[in-house]
Amino acid sequence: MKEEIEKFLGFQKPANFPEPVYNLANNPVTKEGFELGRALFYEPRLSRNNTITCGSCHIQSSAFTQHGHDVSHGIDDRLGTRNSPPIMNLAWNKAFMWGGGVFDLDLQPITPITTHEEMDENLENVLNKIRALPKYTAMFNGAFGTEEVTTARFMKALSQFMVMCVSSNSKYDKVMRKEAGATFTADEQAGYVLFKDKCASCHSEPLFTDGSFRNNGLGISTINDKGLYGATLI
Ligand code: HEC
Ligand code: HEC
């Protein structure tokens, strides 16, 4: 087990997953880059008053969501209008956020950093706070070869951490890969058949989404979230 943790393999496409959408050749995942990204993900200096981290709303033990809240709580306990989606299988996402609108994972962090109810900061301040810490200049050096803290490196490190959150070790995945000893119980098999019949037209396997935006029949909430319309206006 210890050896397994120490042996860093970088990004691996699970055998039962399709080719990723994210351009990994442009940002190959290294141990140093991943560790820098993880440190930044849990760095409160990304927020105006140094209290909120990405992990405040994306909590690892709840698949990187903010379980137990209707909507995410940000800086000064301000409320947003949506809850945080999981940080999971993002290398296969074509569009980000519940309603789309962000198309490149390397640009996504600008939104939470600058949003009034989330981190309420600006990128230049964040980079200056990071530059002032020897811990980070050393980590940028390890990940990118020099100590320079740039927007592109900052974003790429966060992406390296996020694309490594891959959900391919579930029982479902093991059964699909026909791994030794992995079988569904009779109830699980019946559920799987039902799922394929009733749900898989939208939640297509193996990622359980076809990446499109659909009307799922839920009533309009008090927030009157317009979803995809907010991003496209059509
Ligand atoms: C205050 C809570 C909060 C903080 C802090 C926060 N997020 Fe989020 N995150 C959200 C919410 C809410 C959404 C959904 C936004 C939407 O649909 O408009 C989201 C969406 C995302 C998505 C899109 C995922 C998908 O499946 O489309 C990514 C990636 C993400 N956040 C990464 C980050 C990173 C990186 C940081 C830190 C720089 C961060 N978040 C900080 C609440 C937060
Ligand atoms: C017409 C398309 C469609 C069908 C059919 C459908 N869903 Fe969904 N489902 C969606 C959309 C759209 C969402 C919200 C966005 C998302 O989670 O990607 C969603 C969300 C969900 C979620 C919440 C996911 C999360 O991350 O919070 C679950 C669980 C779910 N569906 C289960 C099911 C099950 C079980 C069935 C079959 C009984 C089903 N869905 C059938 C479109 C569909």
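Both ligands and their constituent atoms are indexed starting at 1 by order of listing.
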| So is there a nitrogen or oxygen of Lys198 less than 3.5 Å from a nitrogen or oxygen in ligand 2? | no

| request: Return yes if a side-chain donor-acceptor contact under 3.5 Å exists between Tyr172 and Glu205, otherwise no. | output: yes

| query | Does the side chain of Arg45 come under 3.5 Å of the side chain of Asn50 through a donor N or O and an acceptor N or O? | reply | no

| said: When you compare the side chains of Glu147 and Tyr136, does any donor N or O come within less than 3.5 Å of an acceptor on the partner? | reply: no

| task | Specify whether Phe64 and Phe41 have parallel, tilted or perpendicular ring planes, treating 30° as the upper limit for parallel and 60° as the lower limit for perpendicular. | result | perpendicular

| Between Lys129 and Leu133, is a side chain to side chain contact (heavy atoms under 4.5 Å, CB included) present by the stated rule, with each step listed? | CA-CA 7 Å; Lys129 284 189 259 182; Leu133 293 169; over 6 Å; no

| message | At less than 4.0 angstrom from any non-hydrogen atom of Gly74, what atoms of ligand 1 do you find? | response | 1 (C)

| Got the closest protein heavy atom to atom 2 (C) of ligand 2, with its distance? | Cys202 SG, 1.9 Å

| note | Closest to atom 34 (C) of ligand 2 by heavy-atom distance, out of Pro86, Gly217, Cys199, is Cys199

| remark: If we number the atoms of ligand 1 from 1 as shown, the ones under 4.0 Å from a heavy atom of Ser72 are 2 (C), 12 (C), 42 (C)

| message | Could you tell me, atom by atom, which parts of ligand 1 come under 4.0 Å of a heavy atom of His73? | response | 1 (C)

| query | Is atom 23 (C) of ligand 2 in close reach of the protein, with a heavy atom under 4.0 Å away? | reply | no

| query | Closest non-hydrogen protein atom to atom 41 (C) of ligand 1, residue and atom name please, with distance? | reply | Pro112 CB, 3.3 Å

| said: For Lys156, is there an ion pair with Asp106 - N to carboxylate O distance below 4.0 angstrom? | reply: no

| said: Evaluate Asn27 against Tyr22 for side chain to side chain contact (heavy atoms under 4.5 Å, CB included), listing each step before the verdict. | reply: CA-CA 9 Å; Asn27 187 20; Tyr22 184 78; 2.9 Å; yes

| Top protein contact for atom 12 (C) of ligand 2, by heavy-atom distance | Arg214 O, 3.6 Å

| Has Gly80 got any heavy atom lying under 4.0 angstrom from an atom of ligand 1? | no

| task | Describe, in one word, how the ring planes of Phe208 and Phe195 are oriented to each other, choosing from parallel (under 30°), tilted (30 to 60°) and perpendicular (over 60°). | result | perpendicular

| request: Report the nearest protein non-hydrogen atom to atom 1 (C) of ligand 1: residue, atom name, distance rounded to 0.1 Å. | output: Cys57 SG, 2.7 Å

| Gln160 (side chain) donor-acceptor with Thr30 (main chain) under 3.5 angstrom | yes

| note | Any heavy atom of Asn83 under 4.0 Å from ligand 1? The part involved is backbone

| said: I'd like to know whether Leu24 forms a side chain to side chain contact (heavy atoms under 4.5 Å, CB included) with Val29, so could you lay out the CA-CA distance, the side-chain angles of the two residues, the decisive distance to 0.1 Å, and finally the verdict. | reply: CA-CA 7 Å; Leu24 287 143; Val29 181; 4.0 Å; yes

| remark: The atoms of ligand 1 lying under 4.0 Å from a heavy atom of Leu105, numbered in the order shown, are 29 (C)

| field | Whether Thr114 side chain and Ile110 backbone form a donor-acceptor pair below 3.5 Å | value | yes

| Should the proximity of Ser84 to ligand 1, defined as any heavy atom under 4.0 Å, be assigned to the side chain, the backbone, both, or neither? | both

| field | Short N/O/S contact of His203 with atom 8 (Fe) of ligand 2 (below 2.8 Å) | value | yes

| task | May I ask you to check if ligand 1 and Trp98 share an N or O to N or O distance below 3.5 Å? | result | yes

| Nearest neighbour in protein (non-hydrogen) for atom 16 (C) of ligand 1 | Arg82 NH1, 3.2 Å

| Going by heavy atoms, is Met88 under 4.0 Å from ligand 1? | no

| query | With a cut-off of 4.0 Å, which atoms of ligand 1 are near a heavy atom of Phe96? | reply | 27 (O)

| task | Among all protein heavy atoms, pick the one closest to atom 13 (C) of ligand 2 and tell me residue, atom and distance. | result | Asn216 ND2, 3.4 Å

| Interfacing atoms of ligand 1 (cut-off 4.0 Å, heavy-atom, Met162) | 29 (C), 32 (C), 35 (C)

| field | Ile87 contact mode with ligand 1 (heavy-atom cut-off under 4.0 Å) | value | side chain

| task | Answer yes if a protein heavy atom lies under 4.0 Å from atom 28 (C) of ligand 2, otherwise answer no. | result | no

| task | Check if Thr115 has a non-hydrogen atom at a distance under 4.0 Å from any atom of ligand 1. | result | no

| Check: Ser72/Gln66 side-chain N/O donor and acceptor closer than 3.5 Å | yes

| said: Below 4.0 Å from ligand 1: does a non-hydrogen atom of Thr53 turn up there or not? | reply: yes

| said: Whether the side chain of Trp92 engages the backbone of Pro18 through a donor-acceptor N/O pair (distance < 3.5 Å, no angle test) should be reported. | reply: yes

| The one among Gln108, His58, Arg78 that brings a heavy atom closest to atom 9 (N) of ligand 1 | His58

| field | Polar proximity ligand 1 side, Met97 side, N/O cut 3.5 Å exclusive | value | yes

| 2.8 Å cut-off met by an N, O or S atom of Cys54 to atom 8 (Fe) of ligand 1 | no

| query | Going by distance alone, is a donor N or O of one side chain under 3.5 Å from an acceptor N or O of the other, for Asp187 and Thr185? | reply | no

| task | Please work out whether the ring planes of Phe184 and Tyr192 are parallel, tilted or perpendicular, with thresholds of 30° and 60°. | result | tilted

| Short N/O distance, under 3.5 Å, between Gln66 and ligand 1? | no

| remark: Ranked by distance from atom 19 (C) of ligand 1, the top protein heavy atom is Pro85 CD, 3.4 Å

| said: Less than 4.0 angstrom from a charged side-chain N to a carboxylate O is my criterion; do Arg131 and Glu148 meet it? | reply: no

| Looking only at side chains, do Arg78 and His73 share a donor and an acceptor under 3.5 Å apart? | no

| task | Check the hydrophobic clustering (I, L, V, M, F, W, Y; side-chain heavy atoms under 4.5 Å; chains of links allowed) and say if Val166 and Leu158 are grouped together. | result | yes

| task | Look only at the side chain of Lys13 and the backbone of Phe17, and say whether a donor-acceptor pair between them is shorter than 3.5 Å. | result | yes

| Sub-3.5 Å N/O-N/O distance, Glu117 and ligand 1 | no

| note | Closest heavy-atom approach to atom 26 (O) of ligand 1 among Asn93, Thr209, Asp120 is made by Asn93

| note | Heavy-atom proximity to atom 5 (C) of ligand 1, picking from Leu40, Ile52, Ile110, points to Ile52

